Amino acid sequence: LVSGRQLDEDLMDELEATLIQADFGVASAMKIRQDLQAAFKDKRIGSGDDVIGFLKDELKKYWPPADRSLRISPTPPTVVLVAGINGAGKTTSVAKLAYQFKSEGKKVCLAAADTFRAAAVEQLDIWANRIGVEIVKGSGSDPAAVVYDACDAAVGRKADILLVDTAGRLHTQDNLMRELTKIRNVVAKKIPSAPHEVLLVLDATTGQNAINQAKAFAAAIDVTGIFLAKLDGTAKGGIVVAIRNEVNLPVKFVGLGETYEDVEPFDPDQFVEALFA
Amino acid sequence: SLTNKFSDVFRRMSGRGKITEQNVRESIQQVRQALLEADVNYKVARQFCDQVVQKAIGQEVIKSLHPGQLMVKIVNDELTALMGPVDPRIYYVSPPPTIIMLAGLQGSGKTTTCGKLAKLIMHQGKHPMLVACDLQRPAAVDQLTIIGQQVGVPVFRIEGEKNPVKVARSSLDQAAATGRDVVIIDTAGRLHIDEEMMKQAEDIAKATRPHQIYLVCDAMTGQDAVNSAREFNQRLELDGVILTKFDSDARGGAALSVKAVTGKPIKFIGVGEKLDRLEEFHADRMASRILG
Ligand SMILES: Nc1nc2c(ncn2[C@@H]2O[C@H](COP(=O)(O)OP(=O)(O)OP(=O)(O)O)[C@@H](O)[C@H]2O)c(=O)[nH]1
Ligand SMILES: Nc1nc2c(ncn2[C@@H]2O[C@H](COP(=O)(O)OP(=O)(O)OP(=O)(O)O)[C@@H](O)[C@H]2O)c(=O)[nH]1
Ligand SMILES: [Mg+2]
Ligand SMILES: [Mg+2]
């Protein structure tokens, strides 16, 4: 027997449908439904009309401003390691960050540490030339060696920022995840308190598997934030809510297109409003 | 597993006496939850569950001695039937060339899949040629050229050309001149809501009249899979779908969503970055992977 005030079942079913179709996932959607019923029962929500507004306010609090800022090192270079699964948008996101920092008057250096995929170095090289930033490319096939050299170059050339692009890899490929850990360790050894930021690039169209990705990459390289790419599509990217809950990672940037200008700092208000639009 | 969940649900229900139609409807919630957790689209999952309930009632689950087992069989059969029929054949035309075009969202695996298809088609005794019609992504043409070298097939490209429709059209003359009997066209990744880019894809198709247009879709796509698949199918009239990155631990519910919304066969799955990592699609294996 359920006693006390209850929110209308049709309203809650409709809300659940909205959340699931925004990639919140079943578990998050169910939890939200229970939390809203509890809030309604003890009158923190006035009426059924107030449910969406209440939920939006709660969700906007998920990403406080402190979490969203990029950590800059007191002594340059600040090192940003960029990783993620195949095709997520890493190389393009590195170009976007390079352009952002250059526009702020910073001296930027790129490390082309994807030594595996066809034309990966060429792709980043073209971006470096278009934006007008330095790039360190290796000659061999060891990404750790490229990163080692890039750290030396960044320090030697007094770069403010070193952005490290890495090869796409599945979080289920243990050897490649170990390779990524090794890359992170090289950076940590070469530059004090580096990497200062470790960004996981997530494709906004990804479903529940993004949670597995976040957990595995966090375990391998201690991810500090998410770069949510391809949010200019029709996918809502609600998966970052579950990731905040389960893996405790903030979103720092969103990708909104294919040129180096198509990046914005993550805006929780705008993001939450769009989830329910 | 779904089998255990159904057994539990029906054991509890039959404990209170006869199983009813309502019991069957309630038990299907287990399936719906499994599908949603596997990223099957919300509306597709609902429709599938309604379908299963009708089948279950029709097959008189409520009179069965083992209702849980029968439910699992019905769910599996329905899902397998929906995912199929399986059709990995590439339909070669006579006279050649057979023209194949790949399209899809950014980063889904098109360029790599072009290489995989070329390798498969060579093994089937044909002489394919790759065509570089992504003129916008930095080093996309270089990427395809390297892939062509790795597979051992020619890659047609036009230096300095900005219009992919021209490249596509010219490639047909090149194929005729060099005796290539299959033409595989790689295109730029594009959003289904980008009108200019969708028109470009239509124009490439109009200029070359492909015999096969495949949508290349990432296996880990979530709820949005139906939106892009529906639009690509409406604009390009797909002949098939290829799902990539199935070597991950993604459940792959996008496969059911895309099949349900386009009705087009899933021909192959990509299971790795190397160019031999293309497999035929198996509906029954996909069904059990989605159900989890
Ligand atoms: N629409 C849109 N496309 C994007 C965005 N970010 C990247 N892309 C596109 O996604 C595709 C893949 O981007 P890449 O930067 O090559 O992805 P990656 O993660 O480096 O890929 P790998 O190195 O192969 O793993 C390209 O076509 C990009 O232009 C975005 O924010 N919006
Ligand atoms: N693990 C795995 N990786 C794959 C598979 N197919 C492609 N990839 C990888 O996914 C990334 C993107 O592949 P591309 O072929 O560049 O994708 P695309 O669709 O051509 O990308 P755009 O042209 O930018 O839209 C690359 O790192 C590929 O190696 C697959 O089946 N499994
Ligand atoms: Mg890359
Ligand atoms: Mg491509």
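Remember, predicted model here, so these are calculated numbers, not experimental data. Numbers restart at 1 for each chain; the letters A, B, ... are given by sequence-line order, proteins then strands.
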Proximal component of [X], with respect to chain A [non-hydrogen, under 4.5 Å]:
{"X": "B:Arg190", "value": "neither"}
{"X": "B:Asp142", "value": "both"}
{"X": "B:Leu36", "value": "both"}
{"X": "B:Arg137", "value": "side chain"}
{"X": "B:Glu273", "value": "side chain"}

Minimum-distance pair of heavy atoms, taken over all atoms of [X] and [Y]:
{"X": "A:Ala118", "Y": "B:Ile146", "value": "CB-CG2, 3.7 Å"}
{"X": "B:Gly107", "Y": "A:Lys230", "value": "CA-NZ, 4.1 Å"}
{"X": "A:Ala119", "Y": "B:Ala139", "value": "CB-O, 3.8 Å"}
{"X": "B:Asp39", "Y": "A:Gly207", "value": "OD1-CA, 3.4 Å"}
{"X": "A:Val26", "Y": "B:Gln33", "value": "CG1-CG, 3.9 Å"}

Looking at [options], which has the largest count of heavy-atom pairs under 4.5 Å with chain A?
{"options": "B:Met220, B:Arg251, B:Gln136, B:Gln150", "answer": "B:Met220"}
{"options": "B:Ser108, B:Gly222, B:Ala225", "answer": "B:Gly222"}
{"options": "B:Glu37, B:His192, B:Gln223, B:Arg46", "answer": "B:Gln223"}

_Over 12 non-hydrogen atoms of neighbours within 6.0 angstrom of CZ in B:Arg285_ = no
Within this structure, what is the [atom1]-[atom2] distance for the pair [X] and [Y], rounded to the nearest 0.5 Å?
{"X": "B:Arg32", "Y": "A:Ile20", "atom1": "CZ", "atom2": "CD1", "answer": "6.0 Å"}
{"X": "A:His171", "Y": "B:Asp249", "atom1": "NE2", "atom2": "CG", "answer": "3.5 Å"}
{"X": "A:Arg169", "Y": "B:Ser248", "atom1": "CZ", "atom2": "OG", "answer": "15.5 Å"}

A side-chain contact here means heavy atoms from C-beta on lying under 4.5 Å apart; do [X] and [Y] qualify?
{"X": "A:Thr172", "Y": "B:Asp247", "result": "no"}
{"X": "B:Glu231", "Y": "A:Thr234", "result": "no"}
{"X": "B:Gln143", "Y": "A:Glu122", "result": "no"}
{"X": "B:Lys43", "Y": "A:Gln21", "result": "yes"}
{"X": "A:Thr205", "Y": "B:Asp218", "result": "no"}

_Between A:Thr91, A:Thr92, A:Asp232, who has the most heavy-atom pairs with chain B when the cutoff is under 4.5 Å?_
A:Asp232
*If you count heavy-atom pairs under 4.5 Å with chain B, which of A:Ile126, A:Ile85, A:Leu124 comes out on top?*
A:Ile126
